[in-house]
Amino acid sequence: MTFYQHIINWYTDNKRDLPWRNTRNPYKIWLSEIMLQQTRVEQGLPYYNKFVNKFPTVHHLSAASEDLVMKMWQGLGYYSRARNLHATAKYISHELDGRFPDNYKDLKKLKGVGEYTAAAIASFSYDEPAPVVDGNVYRLLSRYFGVDLPINATEGIKYFKALAEEVMHTSDPATYNQAVMEFGARQCKPQNPDCEQCPLNSSCVALQEKKVASLPVKLKKGKIKKRYFNYLVPFNSTEIILEKRTGKDIWRDLYQFPLIETQGPANLDQIIAQERFRSIPGADPSKIWLYNQDDIVHKLSHQHIFTRFWIVNLEDELPGAVKKSRVKDYAMPVLLANFVHEFEFSN
DNA sequence: AAGCCGGGGGC
DNA sequence: GCCCCAGGCTT
């Protein structure tokens with residue numbers, strides 16, 4: 001049997017029943033693929049179901065407000081995906097009358113759709129023989145063929161794409177693409193794969209050469225940055241101040257409390273001296289207190305955020321503020337959603 | 001080519 | 001702590 005025949009046989013016996021595998025609807029395929037970028041199936045699945053229920057077609061998604069889309073995306077991360085998702089939904093609904101592009105080349109032109117996602121949609125919805133090369137496929141190919149080129153450098157990316165093209169030749173690209181990814185995710189998994197019961201074990205180069213644990217090769221990324229966030233939490237009996245994040249930093253378009261970022265841990269005197277504090281109507285330096293005794297450390301893949309919440313009690317009306325009861329309707333980073341859930345503005 | 005963009009889970 | 005995840009965009 002050939003490489004792909006082994007893979008497809010394994011898949012027939014081991015495939016998970018996932019909702020986007022029971023459809024060829026390009027809208028649902030596209031939605032699932034955007035959500036699953038750099039995201040585990042188990043994490044993305046509930047979001048997929050929620051979106052499909054709320055937005056059964058691309059027109060429904062197109063008609064939604066961006067704030068609602070962001071809110072429904074809350075917790076999934078990489079929020080530019082949600083912005084691009086919404087922009088692309090509007091484009092397809094308004095400019096293409098709801099019809100998705102039906103080939104790899106045109107799909108790849110959509111915002112948020114790169115080589116992997118274009119290949120996935122083209123094959124799953126239209127049977128176009130475009131190989132998917134995601135993290136699972138990199139791992140499987142690098143091990144099976146014993147290739148130690150880094151999978152995140154130009155040469156390796158090019159090499160593995162060509163290899164994927166060679167290996168996929170089959171009359172059923174949709175099934176094959178599903179199968180290689182499932183095989184990589186569950187059989188040829190990153191840690192402690194069970195090679196003894198792998199259908200490819202007699203011909204896997206990495207297994208013969210004892211390199212399974214060292215493949216694939218990946219270049220290391222930079223150091224993790226430390227940042228110090230001081231959130232002012234200004235509220236009166238009914239209202240609270242929220243702002244929308246702008247700029248190119250993390251969490252763009254999500255909501256937050258007024259933020260003072262400092263170079264290191266900040267104390268009360270530093271905070272009350274800040275213009276951002278003093279500009280709050282009715283802010284009283286004697287009515288501010290530190291909510292968390294220890295820093296809350298929010299860990300992202302590329303930065304650690306040391307967080308202090310400064311509670312600012314107010315008595316005056318707050319023009320432009322939001323109702324405290326509505327805070328949970330706003331899309332917020334998990335760091336803040338956790339705080340809101342815990343604090344509940346009980347006092 | 002390298003850096004940036006989240007959050008969760010495994011070990 | 002470090003690595004990975006159905007990657008893509010920006011610089």
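Note that the structure is predicted; figures quoted are calculated from it, not measured. Chain naming here is simple, since letters A, B, ... match the order of the sequence lines and numbering starts at 1 in each.
- Ion pairing of A/Asp249 with A/Arg227 is present here, as a side-chain N (NZ or NE/NH1/NH2) and a carboxylate O approach within less than 4.0 Å.
- Every pair passing ring pair (Phe, Tyr, Trp, His ring centres under 6.0 Å) that includes a residue from residues 167-192 of chain A is listed here, sequence neighbours excluded: A/Trp10-A/Phe183.
- For A/Gln263, the side chain to side chain contact (heavy atoms under 4.5 Å, CB included) test picks out no residue, with sequence neighbours left out.
- With hydrogens and angles left out, the side-chain atoms of A/Asn22 and A/Asp17 include a donor and acceptor closer than 3.5 Å.
- Residue A/His298 places at least one side-chain N or O under 4.0 Å from the OP1 or OP2 atom of B/dG7.
- With A/Arg245 contributing its side chain and A/Gln256 its backbone, the two residues share no donor-acceptor pair below 3.5 Å.
- The phosphate of B/dC4 (OP1 or OP2) has no side-chain N or O of A/His302 nearer than 4.0 angstrom.
- One atom, NZ of A/Lys223, and another, P of B/dG3, lie 13 Å apart when rounded to the nearest Å.
- At a threshold of 4.0 angstrom between heavy atoms, the contacts of A/Ser32 with the nucleic acid are absent.
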Base-pair map of DNA chain B as dot-bracket, where | denotes pairing with a different strand and pairs are Watson-Crick or G-U under 3.5 Å: |||||.|||||
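- Between the side chains of A/Asn267 and A/Asp269, no donor-acceptor pair of N or O atoms lies under 3.5 Å.
- Rounded to whole Å, the P atom of B/dG9 lies 24 Å from the corresponding atom of C/dG8.
- Taking atom CE on A/Met72 and atom P on B/dG6, their separation rounds to 19 Å, with Å as the unit.
- Rounded to whole angstrom, the span from the NZ atom of A/Lys225 across to the P atom of B/dG3 amounts to 10 Å.
- In this model, no side-chain donor or acceptor of A/Thr39 finds a partner on the base of B/dG7 within 3.5 Å.
- Between the CG atom of A/Leu300 and the C1' atom of B/dG6 there is a distance of 6 Å, given to the nearest Å.
- First and last contacting nucleotides of DNA chain C toward chain A (any atom under 4.0 angstrom from a heavy atom, 5' to 3' order): C/dG1 to C/dT11.
- One can place CG of A/Leu36 at 14 Å from C1' of B/dG7, the figure rounded to the nearest angstrom.
- The CG-P distance, from A/Asn338 to B/dG6, rounds to 16 Å in whole Å.
- Remark: C1' of B/dG7 and NZ of A/Lys299 are 13 Å apart, rounded to the nearest angstrom.
- The existence of a salt bridge linking A/Glu42 and A/Arg16 is confirmed by a sub-4.0 Å separation between a basic side-chain nitrogen and an acidic carboxylate oxygen.
- A donor-acceptor pair shorter than 3.5 Å can be found between the side chains of A/Asp284 and A/Ser286.
- Position along DNA chain B of the nearest nucleotide to A/Gln303 versus A/Asn192 favours A/Gln303 as the more 5'-ward residue.
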Intermediate values then yes/no, salt bridge (charged side-chain N to carboxylate O under 4.0 Å, His left out), A/Glu128 and A/Lys105: CA-CA 11 Å; A/Glu128 184 171 337; A/Lys105 185 166 170 286; over 6 Å; no
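- Residues A/Arg21 and A/Gly112 both approach DNA chain C. Their nearest nucleotides, taken by heavy-atom distance, put A/Arg21 toward the 5′ side.
- Each of A/Arg252 and A/Asn152 has a nearest nucleotide on DNA chain B; the 5'-most of these lies closest to A/Asn152.
- A heavy atom closer than 4.0 Å to some atom of DNA chain B occurs in A/Lys248, A/Asp249, A/Ile250, A/Trp251, these being the qualifying members of residues 241-251 of chain A.
- Residue-to-nucleotide proximity on DNA chain C shows that, of A/Asn136 and A/Lys220, the 5′-proximal contact is made by A/Lys220.
- If you check every strand for non-hydrogen atoms under 4.0 Å, A/Ser80 touches nothing.
- Counting non-hydrogen atoms under 4.0 angstrom, A/Leu76 reaches a base of the nucleic acid.
- Looking at heavy-atom distances under 4.0 Å, A/Trp73 makes no contact with the nucleic acid at all.
- The side chain to side chain contact (heavy atoms under 4.5 Å, CB included) search around A/Arg99 returns A/Asp97, not counting sequence neighbours.
- Distance A/Gln43 CD to B/dG8 P: 6 Å, rounded to the nearest Å.
- Taking every heavy atom of residues 157-181 of chain A and every atom of DNA chain B, no pair lies under 4.0 Å.
- For residues 70-81 of chain A, the side-chain hydrogen bond (donor to acceptor under 3.5 Å, both in side chains) pairs, not counting sequence neighbours, are A/Thr39-A/Arg81, A/Lys71-A/Gln74.
- Using a 4.0 Å heavy-atom distance criterion, A/Ile305 is classed as making no nucleic acid contact.
- For the ring pair (Phe, Tyr, Trp, His ring centres under 6.0 Å) condition, the pairs that include at least one residue of residues 102-142 of chain A, sequence neighbours left out, are A/Tyr138-A/Phe160.
- B/dC11 and C/dA6 have their P atoms separated by 15 Å, with the value rounded to a whole Å.
- Side-chain N/O atoms of A/Ser62 and A/His59 include no donor and acceptor closer than 3.5 Å.
- Residue contacts shown for A/Val334 are limited to sugar-phosphate atoms, with no base heavy atom under 4.0 Å away.
- Every residue meeting the ring pair (Phe, Tyr, Trp, His ring centres under 6.0 Å) condition with A/Phe145, not counting sequence neighbours, appears here in chain and number order: A/Phe3.
- The hydrophobic cluster containing A/Phe277, built from Ile/Leu/Val/Met/Phe/Trp/Tyr side-chain heavy atoms closer than 4.5 Å, also comprises A/Leu232, A/Ile241, A/Ile260, A/Leu268, A/Ile271, A/Ile272, A/Ile280, A/Ile288, A/Leu290, A/Trp310, A/Val312, A/Leu314, A/Leu318.
- Other members of the cluster containing A/Val297 are A/Tyr228, A/Phe306, with ILVMFWY side chains joined at under 4.5 Å, either directly or via other members.
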